[in-house]
Amino acid sequence: MTQLTDDLSLGSRLVGWKRIANYLGCSERTARRWEREEQLPVHRQQHEKRSTVFALPAELDRWLGGRADLPSASVVDEVTNAERKRGPTLAVLASVVLLVIAVFAIWTRSGLDGGNTERDPIAVDFFERGTALWRQRGDVPNRQAVKLLSQAVERDETFAEAWSALATAWMTLPTYSDEVSVTEATEEALLAADRALRLDPSLVEARSVMASVAKGRGDWLLSERIYLDALEIDPDSASLMLWFAGHYRELGLIDKAMALTDAALRLEPNSPPMLAESAMYYYQLGHIERAQQMLDFLWFDLAVEVPVVWFGRWMIMLETQEYAAANAWLAESPFSVFAPTLQSYIEFSKNKESDPSSLVSEIKTAYRNGLPGWLAFHMLDINGLSDAALEILDRESSDGYIENSVVLFFERGGDTRMRPEFADLIERLGYYEYWRVRGSPDMCARDSNSALCQRLSESTVETQPPC
């Protein structure tokens with residue numbers, strides 16, 4: 001695992017053009033141009049013979065946000081509706097993903113509109129700002145990125161890179177905002193990715209969107225093939241590695257996921273999404289002190305206040321029996337509407353000998369009212385409440401996909417995954433087909449007697465390495 005690039009106490013200043021550009025997600029040349037032409041807020045500290053350039057992350061964030069008015073829900077809906085009128089529905093697009101992937105091999109860049117190098121400078125500016133905002137992550141930056149990237153492709157419909165970036169921004173938006181449903185965002189992402197790949201089939205981020213759709217349909221082998229093909233095109237894409245890590249994470253292949261995340265961090269050592277992903281792997285594998293250090297750095301030093309960082313820090317507080325701190329941490333919770341249930345969970349964690357029936361009832365009610373299924377499952381499973389956890393999994397897996405399925409393979413979970421019912425429900429998710437070809441999830445190295453692992457060991461299909 002790579003060491004954090006800077007001392008964890010740093011984060012208040014970005015010294016030098018390279019770090020400023022990395023933070024903005026642009027080249028040093030672009031960052032210098034933005035200072036010269038667009039009043040990018042940088043500072044200079046004068047020394048005897050030269051000056052040092054530095055910037056403050058908070059000022060850069062305000063500058064980025066100030067360049068694009070925050071789109072309201074109605075604006076996002078207008079973009080959604082306009083795009084929907086121009087293209088087929090999600091169901092139709094999902095059905096042609098295989099066809100799109102099949103023709104990748106015969107597409108070439110010659111003769112495609114994506115070769116246009118005379119870009120509208122305003123479209124390029126929209127693209128650069130939108131991409132920089134997307135790299136900041138979070139609800140507001142992601143929605144602003146969608147708006148700016150939409151403006152870029154409206155000005156230049158042959159701007160393949162902008163279409164690709166727009167596809168990625170739509171794909172990540174539901175992670176931070178509930179104003180657009182996963183179904184709507186996926187439809188928009190597919191439309192943009194299809195447009196990008198018709199212009200330039202070498203764009204790996206657009207391919208990643210297609211891989212995510214294949215994953216959502218339970219076709220994990222196709223998802224892997226798309227990622228592997230994309231990495232052949234761009235082996236140094238940190239974002240691509242992070243998305244590919246998610247593929248392995250959701251299949252319970254934590255070691256492979258962590259190796260890809262490490263590789264991505266070596267390329268972008270200060271990337272908040274990659275640091276967050278890495279921190280959660282440490283938590284998953286029981287390296288609590290290291291995970292806490294990284295999560296604190298993200299939340300307090302870099303101000304990356306996203307649900308996964310909050311959740312990881314909260315679970316560590318409970319694991320280390322910091323119950324007062326866990327209660328206080330609820331004030332920062334992205335699930336504040338469920339605060340009473342989370343408080344009950346804290347109380348039960350303090351005294352696990354108490355009757356769990358009240359907590360189970362509260363969690364089930366909260367789940368019916370919108371508490372994420374992965375969170376409900378995890379809280380029940382980690383406390384040994386397997387019957388209730390399996391009820392949640394039954395409902396969550398009914399459509400063939402469960403969000404954040406890494407919780408199903410939690411290193412220190414309860415005995416839920418040992419049960420035959422767990423193995424039956426997992427079969428809905430399309431994992432067995434993949435595991436029988438590529439090998440068992442990591443949990444089978446420790447829980448080989450579980451029904452799931454026994455079922456895999458009895459398979460007659462030979463394990464094959466990825467192509």
Side-chain angles (χ1 to χ4, degrees), residues 139 174-186 216 218 249-250 252 280 283-284 306-319 323 326-327 329-352 354-410 412-429 431 452:
D139 180 9
T175 302
Y176 307 106
S177 173
D178 58 4
E179 290 191 8
V180 179
S181 70
V182 172
T183 299
E184 290 175 313
T186 303
R249 166 175 29 88
E250 294 200 52
M280 292 307 291
Y283 168 62
Q284 165 92 348
V306 297
V308 66
V309 176
W310 179 89
F311 167 74
R313 193 64 188 88
W314 188 61
M315 294 306 298
I316 288 174
M317 289 174 182
L318 293 173
E319 197 155 330
Y323 300 118
N327 258 315
W329 194 240
L330 293 180
E332 308 291 340
S333 172
F335 312 110
S336 56
V337 68
F338 302 110
T341 302
L342 300 179
Q343 287 174 333
S344 297
Y345 179 74
I346 295 172
E347 290 303 312
F348 182 81
S349 299
K350 290 169 63 176
N351 182 17
K352 292 188 178 181
S354 60
D355 181 3
S357 58
S358 177
L359 175 66
V360 168
S361 178
E362 280 196 61
I363 291 177
K364 285 182 177 180
T365 299
Y367 170 66
R368 287 192 294 270
N369 291 328
L371 182 71
W374 61 267
L375 180 54
F377 175 91
H378 185 69
M379 290 194 297
L380 293 165
D381 169 61
I382 201 171
N383 282 292
L385 305 173
S386 296
D387 288 338
L390 286 168
E391 286 184 44
I392 300 294
L393 179 57
D394 186 14
R395 292 188 61 177
E396 282 294 294
S397 62
S398 61
D399 62 355
Y401 180 76
I402 178 171
E403 180 186 3
N404 202 14
S405 62
V406 66
V407 298
L408 304 181
F409 311 105
F410 187 60
R412 301 177 312 287
D415 65 353
T416 307
R417 59 198 43 79
M418 300 294 291
R419 304 265 295 268
E421 302 96 316
F422 180 80
D424 293 336
L425 292 172
I426 287 295
E427 194 149 12
R428 295 177 179 177
L429 303 176
Y431 295 173
L452 184 155

S.K.: Please identify each residue that fulfils ring-ring contact (aromatic ring centres under 6.0 Å, His included) with Y283, with sequence neighbours left out.
M.R.: F410
S.K.: Do any pairs count as a salt bridge (Lys or Arg N to Asp or Glu O under 4.0 Å) and have a residue in residues 381-394, sequence neighbours left out, and if so which ones?
M.R.: K364-E391, D381-R417, D387-R419, D394-R428
S.K.: Once salt bridge (charged side-chain N to carboxylate O under 4.0 Å, His left out) is applied, do any residues pair with R412, and if so which ones, sequence neighbours excluded?
M.R.: E319
S.K.: Evaluate N327 against Y323 for side chain to side chain contact (heavy atoms under 4.5 Å, CB included), listing each step before the verdict.
M.R.: CA-CA 6 Å; N327 258 315; Y323 300 118; 5.6 Å; no
S.K.: side-chain contact (heavy atoms from CB on, under 4.5 Å) with V406: which residues, sequence neighbours excluded?
M.R.: R249, I254, Q284, N404
S.K.: Enumerate the residue pairs fulfilling side chain to side chain donor-acceptor pair (under 3.5 Å) with a member in residues 329-338, sequence neighbours excluded, ordered by first and then second residue.
M.R.: none
S.K.: How long is the gap from OG on S397 to CD1 on I402, to the nearest 0.5 Å?
M.R.: 6.5 Å
S.K.: Given 3.5 Å as the limit, does a donor-acceptor pair link the side chain of Y431 with the main chain of G252, or not?
M.R.: no
S.K.: Which distance, rounded to the nearest 0.5 Å, do you find between the CD of E403 and the CG of L375?
M.R.: 10.5 Å
S.K.: Test your reading of the model: is there a side-chain donor-acceptor pair from S361 to the backbone of S358, 3.5 Å cut-off?
M.R.: no
S.K.: Only counting residues at least two apart or in another chain, list the ones meeting side-chain hydrogen bond (donor to acceptor under 3.5 Å, both in side chains) with T365.
M.R.: R368
S.K.: Tell me every residue that passes side-chain contact (heavy atoms from CB on, under 4.5 Å) with N351, counting only those two or more places apart in sequence or in another chain.
M.R.: E353, S354
S.K.: Checking P340 now: which residues fulfil side-chain contact (heavy atoms from CB on, under 4.5 Å) with it, not counting sequence neighbours?
M.R.: none
S.K.: Can you tell me how far the CE atom of M315 sits from the OG atom of S349, to the nearest 0.5 Å?
M.R.: 7.0 Å
S.K.: Is the shortest heavy-atom distance from the side chain of T416 to the side chain of L385 under 4.5 Å?
M.R.: no
S.K.: Once rounded to the nearest 0.5 Å, what's the spacing between atom CG of L393 and atom CZ of F422?
M.R.: 6.5 Å
S.K.: Measuring from atom CZ of R395 to atom CG of L425, what distance do you get when rounded to the nearest 0.5 angstrom?
M.R.: 13.5 Å
S.K.: Could you pull out all residues at least two apart from A376 that satisfy side-chain contact (heavy atoms from CB on, under 4.5 Å)?
M.R.: I363, Y367, L371, I392
S.K.: With sequence neighbours left out, write down each residue that passes ring-ring contact (aromatic ring centres under 6.0 Å, His included) with F311, or none if nothing qualifies.
M.R.: W374, H378
S.K.: Taking the six-membered ring for Trp and the single ring otherwise, decide whether the centroids of W314 and Y345 are under 6.0 Å apart.
M.R.: yes
S.K.: With E362, which residues qualify under salt bridge (charged side-chain N to carboxylate O under 4.0 Å, His left out), at least two apart?
M.R.: none
S.K.: Using the test ring-ring contact (aromatic ring centres under 6.0 Å, His included), find all partners of Y401 that sit at least two apart in sequence or belong to another chain.
M.R.: none
S.K.: Do you know which two heavy atoms are closest between A339 and L330, and how far apart they sit?
M.R.: O-CD1, 4.2 Å
